[in-house]
Amino acid sequence: MVPELPPLPALTRSEGELIDSYLEVVDLLGRINPSRTADTYSALRAAQALVGRATTLRDALTVMHMRGETELHHATLARALRVLDGERRSGLVALAPDPAAGPPPA
């Protein structure tokens, strides 16, 4: 049985588009990460898609700015990212752990 996720916080349409676009970019960067990917073709495809997703992210922020939304409500947006598995997904962008170093200290 899958555990029930906490509810997504209330977001404006623009904030939702920002979060969705940001996570799409993060996913692609994770696929491009040379410390985690095994082949150039999948990294190349992700890099090609990154251009379009970055444009979508820029457009979401532009709409927010043009509407007068000058501040990002980082606590609310961080909650939304956590609900949408943003911590794990953004972790794939970081350098992969060194297997020779052994497990991290407790």
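When reading the values below, keep in mind they use all heavy atoms of this one structure, side chains included, and skip hydrogens, waters and symmetry mates.
- Every side chain to side chain contact (heavy atoms under 4.5 Å, CB included) that Leu92 has, sequence neighbours left out, goes to Arg36, Arg88.
- Judged purely by atom type and a 3.5 angstrom limit, Ser21 has no side-chain atom pairing as donor or acceptor with the backbone of Leu18.
- Residues that satisfy the side chain to side chain contact (heavy atoms under 4.5 Å, CB included) test with Glu17, not counting sequence neighbours, are Arg13, Ala60.
- Between Ile32 and Ala46, the shortest heavy-atom distance links the atoms CG1-CB, 3.6 Å.
- Contact check for Arg89 versus Leu23: side-chain heavy atoms found under the 4.5 Å cut-off.
- Expressed to the nearest 0.5 Å, how far OG1 of Thr12 lies from CE of Met64 amounts to 5.5 Å.
- The side chain to side chain contact (heavy atoms under 4.5 Å, CB included) test applied to Val93 returns Val26, Leu29, not counting sequence neighbours.
- From Leu44, atom CG reaches atom CD of Gln48 across 4.0 Å, with rounding to the nearest 0.5 Å.
- Residues Leu11 and Ile19 approach most closely at CD1-CG1, 4.4 Å, considering heavy atoms.
- If you check the side chains of Ser42 and Asp39, you find a donor sitting under 3.5 Å from an acceptor.
- Contact check for Leu77 versus Tyr22: no side-chain heavy atoms found under the 4.5 Å cut-off.
- You'll find the side chain of Glu15 stays beyond 4.5 Å of the side chain of Leu72, heavy atoms only.
- Looking only at side-chain heavy atoms (C-beta outward), Leu84 and Leu8 come within less than 4.5 Å of each other.
- In this structure, the separation between CD on Glu24 and CG on Asp27 is 7.5 Å, given to the nearest 0.5 Å.
- Residues Ser14 and Arg67 share a closest heavy-atom pair of OG-NH1, 2.6 Å.
- The CZ atom of Arg45 sits 11.0 Å away from atom CG of Leu28, with the distance rounded to the nearest 0.5 Å.
- When all heavy atoms of Ala94 and Asn33 are compared, the closest pair comes out as O-ND2, 2.7 Å.
- Closest of all the heavy-atom pairs between Ala96 and Ser35 is N-OG, 3.0 Å.
- Here the side chains of Arg31 and Thr37 are not in contact, with every heavy-atom distance at 4.5 Å or above.
- Residues Val83 and Pro7 come closest through the heavy atom pair CG2-O, 3.9 Å.
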